[in-house]
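Please read the structure below before turning to the comments.
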Amino acid sequence: MSDPPGIAWFVVGDDAAAVVVVACDAEGRELSRERVDVAAWPDAVRRRAADETASARWVWSDTPRWDDPLAAAGVRVARCHDLRLCHAILRDTELIPEAPALRAHTEWDAAAPVDPPVAQALFDWDDGAVVRGVPHGIDDALAEFARQRAAIASASDAGRLRLLCAAESAGALIAVELRAAGLPWDVDAHERLLVETLGSRPLAGGRPARLASLAEDIRSALGDPKANPDSPPQLLRSLHRVGLAVESTSRWELREVEHPVIAPLLEYKKLARLFSANGWAWLGEWVHDRRFRPVYVPAGVVTGRWASSGGGALQIPRMLRRAVRADPGWLLVTADVAQLEPRVLAAMAGDLQLADAARGGDLYEGIVDAGAVGSRAEAKVALLGAMYGATTGDSGRLLPGLRRAYPRAMGLVDEAARTGERGGVVHTWLGRTSAPPGDRWGVVQAAAAEPDASRADVDRARRQGADRGRFTRNFVVQGTAAEWALAWLGDLRARLAAFEPVGDDEAAAASGILFARVPHLAFFLHDELIVHTPARCAEQVAQAVQDAADAATRLLFGGFPLDFRLDVKIGPTAEKE
DNA sequence: TGATTGTGCGCG
DNA sequence: AAAGCGCGCACAATCA
C-alpha cells in the first residue's frame with residue numbers, strides 16, 4: 001500500500017501476534033494503519049525507507065527490541081523516537097515547569113533491559129525468552145507518544161528537548177548498529193601480544209609463564225614461600241612482615257616504597273590485569289568472527305553518557321589497540337576530541353576568554369599563554385579539578401588563578417555545585433536533569449539542623465552536601481559533553497549513510513548484511529569514535545568526521561566562536577601515537 | 001553453596 | 001602522584 005502524503009511519524013507496536021504500523025501527520029493525527037506479520041516487519045520498513053516517507057520518524061517502545069531485527073535483515077531507518085529513553089528525559093527535566101502527565105506512567109520507567117548477549121535472544125520476539133521492561137503494545141505506544149508530545153510542547157524551551165530526544169534516539173539506533181557491525185579484531189595480533197608479555201598460555205588453570213616467574217620473584221623477595229600476590233589482604237600481611245608500612249596494596253602506594261619486592265610486584269599486577277581482563281579467556285568469550293561485539297547501553301550513565309555491558313568495552317587497554325585491525329582492503333578512521341569537556345564548559349558558560357584559549361588547538365597551552373597558570377600540566381590538573389570539585393592538593397592551589405582568568409566558566413560549575421549542596425537539581429545544556437537526592441539525604445540534613453545535633457551529624461551532613469555538590473558540578477559538564485558527542489555521532493551516521501556502496505559483489509549485496517560494503521561506525525567511547533571503511537573512502541570519511549563535529553557544535557552552540565578540535569587518524573589499526 | 005561486598009585497576 | 005567526576009569487570013573475602 002502507498003502511504004498518504006504528510007506523514008511525519010510511524011508509530012509501531014504489537015497487537016496480538018502482529019505488528020501494527022500507524023502513520024501520523026505532524027500533529028499526531030492518524031492517517032493510516034497497517035498490520036503486518038512479525039516476520040514481515042523488516043520488509044514493512046524497507047518498503048517505506050525507499051520512498052518519500054523516508055524522512056518520517058519511527059516511534060517505538062525500545063530501540064533494540066525493534067531495530068535488532070532490522071539490523072539483522074540489513075534494513076536501516078533514518079530516524080526514530082525511543083519512547084523509553086525519551087520518557088526518562090521528559091519525566092525528570094527541569095525545562096518542563098508543570099509535572100507532566102507522563103510522570104504517572106511508571107510502566108515506562110523500566111531501566112535498559114540487560115540481556116545476556118546471546119545471538120538468538122536478540123531476535124526472539126517472545127517475551128518469555130527476553131525480558132523487556134517497557135510495554136510494546138501499539139495502544140501503549142500511541143498513548144505514551146501523545147503524552148510525550150504534549151510534555152515537550154509545554155516546555156520552557158521545547159526546541160532543546162526536541163533536539164535532546166532526537167539525539168538520544170539517534171544514539172539508540174547507533175548503539176544497535178555498533179553491535180551489529182562489531183569492532184574488527186585481529187585475534188592473531190592479540191594472541192601474539194599475550195604471548196610476548198605474559199609468556200605461553202597456561203595449559204589448565206595455572207598462571208602464564210612470565211606471571212608465574214614473577215610470582216616466584218615476589219615470594220623470594222618476601223622470604224615467604226606462600227605469599228600470594230592475588231590476594232590483597234594476604235599480600236598486605238606479607239608486606240608488613242618484611243617491615244613495609246603500607247596501608248594498602250594499591251599501586252600508587254607501593255610505588256612510594258623502597259624494597260626489592262616492589263618492582264616484580266608492580267610488574268606482576270600489571271600483567272595479571274591483562275591476563276584476567278583481556279587474556280585468552282576474554283578473547284574466546286568476546287571475539288567471534290573477527291569482531292568484538294560489546295553491548296552499548298545509551299544513557300546508561302546518570303549523566304547521559306553511554307554505559308556498556310559485557311566485554312568491558314569502556315576499558316580496552318591502550319596496549320590492545322594494535323589488535324583493532326581493519327579488514328583487508330579496509331581502513332580505520334579513528335577520531336577523538338581534544339579536551340572535550342573544557343571546551344563544552346567554555347561554550348555553555350559563554351566564556352570568550354576560555355574559548356580564546358582553545359583557539360590554538362591545545363586548550364591547556366592556551367591557558368598557560370593567558371598567564372592563568374605556569375605550565376601545561378598545571379593547566380590540566382587545575383581545569384580538571386575545577387570540573388571535578390577538587391579542594392586540596394595542586395589542583396586546589398591553582399584554582400584561584402583559574403577563577404580570575406575565567407570567571408564565567410568557573411562561575412557556572414561553582415553555581416552547579418552550590419545548587420547540589422542545597423539538595424537541588426541541575427540540568428545540561430539541552431535539559432537532561434540530575435535526579436533529586438534520595439530520601440536519606442533529607443534525613444541526614446534534618447538531623448544536622450536539630451539544635452542538639454552531634455558533631456558527627458553535622459560532619460556527615462556537610463560531607464554529604466559536598467559529595468552531592470561535586471556530583472552536580474560535574475553533571476552539567478559531563479552531561480553536556482555527552483550531548484555534543486551524541487550530536488556528533490548522529491550527524492556522522494547520516495553522512496555515512498550517503499556513501500555509495502563499494503564493489504559490485506552481488507553476493508554481499510544480496511546477503512542484506514548491513515555495512516558489508518559501506519563505511520560504518522565501529523566503536524564509540526565518550527569522546528572518541530572509530531569508523532571502519534573501505535580504503536578508497538577513508539579520506540572522505542575523515543572529512544565527514546570533521547564536518548560532523550562542526551555540525552554538532554553549530555547545532556548545540558550556534559555561532560559561539562569555539563571549535564572542537566579533533567585528532568583524526570587513518571590506518572589499518574586503531575593504535576594511538 | 002551461592003549471593004553480596006570490597007578492592008584494585010582499566011577507560012573517559 | 002593523588003586529589004576530585006563518571007563507569008565495568010575480575011577476583012577474593014565475607015555473609016547468609
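In what follows, chains are A, B, ... by sequence order, proteins preceding strands, each numbered from 1. Note that the coordinates shown come from a computational prediction; the quantities given were computed from them, not determined experimentally.
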Round to a whole Å and report the spacing from [atom1] of [X] to [atom2] of [N].
X	N	atom1	atom2	value
A/Y296	C/dC7	OH	P	19 Å
A/W286	C/dG8	CH2	P	13 Å
A/N278	C/dG8	CG	C1'	12 Å
A/L254	C/dA1	CG	C1'	13 Å
A/E247	C/dA2	CD	P	12 Å
A/K380	C/dA1	NZ	C1'	14 Å
A/N228	C/dC11	CG	P	13 Å
A/L399	C/dA3	CG	P	16 Å

4.5 Å side-chain heavy-atom contact, A/V568 and A/T334 | no
Quick one: label [X] by what it contacts on the DNA or RNA (base, sugar-phosphate, nothing), any heavy atom closer than 4.0 Å.
X	value
A/D336	nothing
A/F471	sugar-phosphate
A/G300	nothing

With A/H259, the side-chain contact (heavy atoms from CB on, under 4.5 Å) member among A/V246, A/V242, A/L265 = A/V242
Secondary-structure string, 5' to 3', Watson-Crick or G-U under 3.5 Å, | for another-strand partners, for DNA chain C = ....||||||||||||
What are the two closest heavy atoms between [X] and [Y], and how far apart are they?
X	Y	result
A/T472	A/S434	CG2-OG, 4.4 Å
A/A390	A/S395	CB-OG, 3.4 Å
A/V476	A/T480	O-OG1, 2.7 Å

If you only use heavy atoms from C-beta on, which nucleotide in [options] is closest to the side chain of [X]?
X	options	answer
A/E256	C/dG4, C/dG8, C/dA1	C/dA1
A/S231	C/dA1, C/dA12, C/dC11	C/dA12
A/S308	C/dA1, C/dA12, C/dG8	C/dG8

Does A/S395 put a side-chain nitrogen or oxygen below 4.0 Å from OP1 or OP2 of C/dG4?
-> no
Flag yes if more than 12 heavy atoms outside A/R404 fall under 6.0 Å of its CZ atom; otherwise flag no.
-> no
In 5'-to-3' order, the base (B), backbone-only (S) or no-contact (-) status of each nucleotide in nucleotides 5-12 of chain B, using a 4.0 angstrom heavy-atom cut-off, is ---BBBBB
What integer number of Å spans the C1' atoms of C/dG4 and B/dG12?
-> 15 Å
Please check if the distance between the ring centroids of A/W282 and A/F275 is under 6.0 Å.
-> no
A/W429 six-ring face occupied by A/R160 cation (under 6.0 Å, within 45°) | yes
A/V381 vs A/G312, nearer the 5' end of DNA chain C by closest nucleotide | A/V381
First encountered from the 5' end of DNA chain C, between A/E253 and A/Q234 | A/E253
Can you tell me if A/R305 uses its side chain to pair, donor with acceptor, with the backbone of A/H526 under 3.5 Å?
-> no
Can you name the one residue among A/R241, A/Q234, A/R237 that meets side chain to side chain donor-acceptor pair (under 3.5 Å) with A/D224?
-> A/R241
